[in-house]
Every structure is written in structure tokens, then in C-alpha cells.
Protein chains: 2
Amino acid sequence: MHQFRRCTKLLCVVEKHGLRERKKQRTRQALIEAAVRLFEDKDYDHVTVAEIADAAEVSPRTFFLHFQAKEDVLLANADMRVDLALQAIAERRAGERLPEVLVRAMDEMIANTWDSDLPSGLAALRARLAASVPALQARLLQRYLTAQAELAQALQRAFPDRLDTITASALVGAMVGATSASALTALQRGDGPNEVRNAMRQAMALVAQSVT
Amino acid sequence: MHQFRRCTKLLCVVEKHGLRERKKQRTRQALIEAAVRLFEDKDYDHVTVAEIADAAEVSPRTFFLHFQAKEDVLLANADMRVDLALQAIAERRAGERLPEVLVRAMDEMIANTWDSDLPSGLAALRARLAASVPALQARLLQRYLTAQAELAQALQRAFPDRLDTITASALVGAMVGATSASALTALQRGDGPNEVRNAMRQAMALVAQSVT
DNA sequence: CTGCACTGATTCACAGTATGCATCAATTCA
DNA sequence: TGAATTGATGCATACTGTGAATCAGTGCAG
């Protein structure tokens, strides 16, 4: 019944199998862009799904065919980033210790966000809205939680003799919790992108030293 | 516009100023009990607000006069617990170190939950639903986040020379993140109340050692 | 004790999110 | 070319959550 959908690793690679798939991606992209444009103009919840669909020149019904909820249009590529982190853990380098692997995985996600969403302004918009719109914040946290479970599982697989299930989830929970809390604090203080990133690094370092 | 309401410390002490207040509390309690009863019978989102209100013999509109959203009926006394933790931090005992204070604050919350919600079965119901109903999970996480901000502020006030704003929120974020992640993992593994509590303790200890 | 202010509860109306279902139209494949 | 697949649509609908007007009981001032 309830179900958090995740894209598989394969789907995250841009497939262009046929005109059909490309068309679908185009309307999806149109919806995202229309939404972002509208959110930059008006208050988040004064923008209705109907308006977004209208701006993207599709029917409102189509919106929900691409996104499970209104909020998801702003978290479009989050799944891909989790996959990056999972891969980073799986490809543990020789001699790399536990905290380093975890930090590298987190860095992978952050770096990808920086590269793809920062220039477009999407990162800033999302940050601003996530700090002020409860519904979006809730959805974001929820996705963090499911991502955490996957990261914990991957981490335990990478260090089977060192971690039990509880420790693994505690560790990942601490890392994600600390990072997002400090990022949010920095954001609400009015910090710019680089300061926010520094805050995240600082938080990660703090947690990392607990597993030295 | 958006606003996460919190009860003030004064309101958390049970006031019985007049018949009026008592009546209000009675309908509030009736709503909670009706909701719990229905949630135990049916699937969470097959129970409508209208049904809850009906079972409590009030109008549906009245439900939203007491709770901001459907989910909040299950998180009724959460605010009080945060206040307990804040108090625990403010009343820092002589010679108590940072990690100890934080752990004590968390313990305060957990212990209160155990004492008041465990016998009634509310704790179990909430745990079960929080692990399976996305909407509730989201709301819970959101409240954790606002609680975190308050805890971080209180902590910084208690250790002004030791903590900057970012470190304080990172620390609290790590603690809350680790604790809830491990609790959820334990729950989903099918652990009973005591095992869950142990998992939480273990997570707290892990984070506490990072600030030794 | 009486009228007035306050406020919880109710009723009615409504915007908006989200889903189910039948259907159309274009793509893909046999 | 004909058939199956599937993205998009329209329509109907359930439900959450809010606004506004109103009623009724409580508490307070005079």
C-alpha cells in the first residue's frame, strides 16, 4: 500500500530507448521547470498543481503521473544522488577506514548537488523552501530517512566484521542528522552556499571522529 | 504564515482554570481516544477525520480546532517531552560534562514516553504506525527537527564557551538522528520495547563518545 | 444577578491534493 | 498493416484543511 519508490541504478543512467521515453522525459522536465519558475514568483502553497500543469501545457492529472506528490517536483533527482553514495560505499578503496568511506559517500552527494543544482538556482530555491515550507521539509526528511536505511545497509556490507545492524544505522543516522541540522542552521542564519557547505563539513568531521 | 506551534512551559503543567478549560481538554482527550481506538481497528488512512470526530461525538471541524493535522492526534504530548529535555539541559548539574548533559536530556524524554505511553499501548501503536505510514513518519521527523533546534539552542546556552552555533546543532542532530535511526531499525526488525530502548542507548553512547 | 465579553463548538462553503477508471492517441512491435 | 503497449487526458470522487458566520455556555464586571 504505502511505498517509497526508488529509481534503480539503471534508470538513473539517462536512457533514450525510443521516442516514447524521450517524450516522457520532456514533459517531466517541462513540469519541473514550470514549477521552479512559479515557485520563484509566488509563495509555495499559493502555486497550485493545476497552475504548474497549465504552465507546462499538460493536464493536472499528468502531473501526478510523474510525481507522487506536489513536493516531489523539487526533489526530482534526489534518488540519483543516493545511488552515487551507495556506489561510493560499495567501491571502498583499499585501506580506507570506516569514517573516511562514509564521509566520501556524503561528499559525493553534496558535490553532485553543488555541480548540478547550484548553477541553476534550484539548490538555493530548494534550500529556501525546505526551511520555510513544512510540507516540503517533511517530505525531504522522509527521503533522508529512506536513504539512511540504504546507506546503513551498504555500510554494513562494506564492513561486515566491524558493524552490527544497529551500529550501522546509528552511525549513518548521526552523520545525516548532524549534516542536515547544521546545514539548516546555517541556512536560517542567512549563510551563503559556501558557508553552508563548510558547516556541513564541520558536522561530518565531528561525527567522523566518533568512530576513529 | 507557516508556523510550528509549541506549547509554552506553563501550558504544559496541567491547568484546570475553570470549567471551560476542562471541557476543552475533555473533548481533546475524547478525540485522541477515539482516534487510537479506530487506528487499532482499521488501517491508518482508511480512518477519516470525519470518523474520528464522529466517534468522539464532535463535528469534524472541531478536530482541526484541536490538532493542526490528522497526524498530530498521535503526537499529542510530544511538546511536553521536549520541554522536559530543555529543562534537563538548563538545570545542568555541577561538574556535568557536555555529553552527559545531552544524554540525560534525551533519557528524560525517552523515560517519560516509556512511563506514560507504554502502558496505554499508545507507544506501541505510534511506533508501528510511524514505521509504516509515510505521512505520520514525516510529521514525526518534522517535529524532531524543530525540537532539535530548541535543544541545540539550550545546549549552546549551557556551554557558551565550548560550542558555536553550528557545532551545537551538529551535535544535537547527530544525537537525535542516531537515536531515531537505530530505534526505527530495531522496530522494523521486530524488536520489542526493551530491545528498542537498548538500541537507542547504544546509539546515544556512540555519539556521546565523539565529544569526549 | 444580570448583561456583556470571551471562546469552544457547530454549520456551511470551498480550495486544493490525490486517486480510480475509462478512453484516446501515439509509439512500438509482431 | 494490425495489435499491443503506454503516455496523456477527462471525469468523478474522497479526503484534508481553512475561512467565515453563528450559536451557546462560561466567566467576569458592575
Side-chain angles (χ1 to χ4, degrees), chain A residues 1-5 11 15-32 34-35 38-39 42-75 129 133-139 142, chain B residues 1-5 11 15-32 34-35 38-39 42-75 133-136 138-139 142:
Chain A
M1 156 162 279
H2 297 304
Q3 174 167 304
F4 306 86
R5 227 185 317 152
L11 273 173
E15 295 184 61
K16 40 172 64 184
H17 276 280
L19 176 59
R20 191 164 241 163
E21 192 65 25
R22 268 176 287 160
K23 252 187 178 169
K24 188 176 181 182
Q25 290 310 316
R26 230 179 296 142
T27 62
R28 182 187 166 86
Q29 202 56 36
L31 281 167
I32 295 174
L38 287 168
F39 289 150
K42 286 207 274 177
D43 207 36
Y44 175 84
D45 39 34
H46 285 74
V47 175
T48 68
V49 172
E51 281 177 296
I52 299 172
D54 212 52
E57 301 190 290
V58 278
S59 94
R61 190 72 186 76
T62 303
F63 180 94
F64 291 103
L65 195 137
H66 285 270
F67 305 100
Q68 298 200 305
K70 182 183 171 184
E71 299 88 45
D72 287 12
V73 77
L74 282 170
L75 311 174
L129 293 180
V133 181
L136 188 56
Q137 187 178 97
R139 192 74 171 174
Q142 205 181 325
Chain B
M1 155 163 281
H2 297 304
Q3 172 168 305
F4 307 85
R5 225 183 322 150
L11 272 175
E15 295 184 59
K16 40 172 63 182
H17 277 280
L19 177 61
R20 190 164 240 160
E21 191 65 23
R22 268 176 287 158
K23 248 186 180 170
K24 189 176 179 181
Q25 290 310 315
R26 229 178 298 142
T27 61
R28 183 186 165 86
Q29 202 56 36
L31 280 167
I32 295 174
L38 286 168
F39 289 149
K42 285 206 274 178
D43 208 34
Y44 175 84
D45 38 33
H46 285 74
V47 176
T48 69
V49 173
E51 280 178 295
I52 299 173
D54 212 51
E57 302 190 289
V58 279
S59 92
R61 189 72 185 79
T62 302
F63 180 94
F64 291 105
L65 195 137
H66 286 271
F67 305 100
Q68 299 199 305
K70 182 181 171 185
E71 299 86 44
D72 287 13
V73 76
L74 281 170
L75 312 173
V133 181
L136 187 57
R139 192 69 171 179
Q142 205 181 325

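- The CD-P distance, from A:Gln25 to D:dA8, rounds to 10 Å in whole Å.
- Counting heavy atoms from C-beta on, the side chains of A:Ile52 and A:Phe39 come closer than 4.5 Å.
- The shortest non-hydrogen separation linking B:Ala53 to B:Leu31 is CA-CD2, 4.1 Å.
- Note: CZ (A:Arg22) to P (D:dT6) measures 17 Å, nearest angstrom.
- Between the CZ atom of A:Arg61 and the C1' atom of C:dA18 there is a distance of 8 Å, rounded to whole Å.
- One atom, CZ of B:Phe67, and another, P of C:dG8, lie 14 Å apart when rounded to the nearest Å.
- Taking for each of B:Pro60 and B:Lys24 the nucleotide of DNA chain C with the nearest heavy atom, the 5'-most of the two is the partner of B:Lys24.
- Taking every side-chain heavy atom of A:Thr27 into account, D:dA8 is the closest of C:dT27, D:dA8, C:dT10.
- Atom NE2 in B:His66 sits about 11 Å away from atom C1' in C:dT7, given to the nearest Å.
- Between the side chain of A:Arg28 and the base of D:dG7, no donor-acceptor pair under 3.5 Å is found.
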Grab the N/O contacts between the protein and nucleotides 15-17 of chain C below 3.5 Å, and write none if there aren't any.
from   : atom 1 : to      : atom 2 : distance (Å)
C:dT17 : OP1    : A:Val49 : N      : 3.4
C:dT17 : OP1    : A:Lys70 : NZ     : 3.3
C:dT17 : OP2    : A:Val49 : N      : 3.2

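- Between B:Val49 and B:Phe67 there is no side-chain heavy-atom pair separated by less than 4.5 Å.
- Regarding B:Gln29, its CD atom lies at a distance of 17 Å from the C1' atom of C:dG8, rounded to whole Å.
- A:Arg139 approaches A:Asp72 most closely through the heavy-atom pair NE-OD1, 2.6 Å.
- Among the nucleotides D:dT18, D:dT9, C:dA9, the one closest to any side-chain atom of B:Thr62 is C:dA9.
- Candidate nucleotides C:dA9, D:dA20, C:dG20 were compared by shortest atom distance to the side chain of B:Leu65, and C:dA9 ranks first.
- With rounding to whole Å, B:Ile52 atom CD1 is found 11 Å from D:dT16 atom C1'.
- For B:Lys23, there are no side chain to side chain donor-acceptor pair (under 3.5 Å) partners at least two apart in sequence or on another chain.
- Rounded to whole Å, the distance from CG on A:Leu31 to P on D:dG7 is 14 Å.
- OP1 or OP2 of D:dT9 has at least one side-chain nitrogen or oxygen of A:Ser59 nearer than 4.0 Å.
- Minimum heavy-atom separation, A:Lys70 to A:Phe64: N-CE2, 4.4 Å.
- Comparing C:dA9, C:dG20, D:dG7 by their closest approach to the side chain of A:Arg20 singles out D:dG7.
- In this structure the side chain of B:Ile32 never reaches within 4.5 angstrom of the side chain of B:His66, judged on heavy atoms.
- Side-chain proximity of A:Lys23 to D:dG7, C:dT27, C:dA9: nearest is C:dT27.
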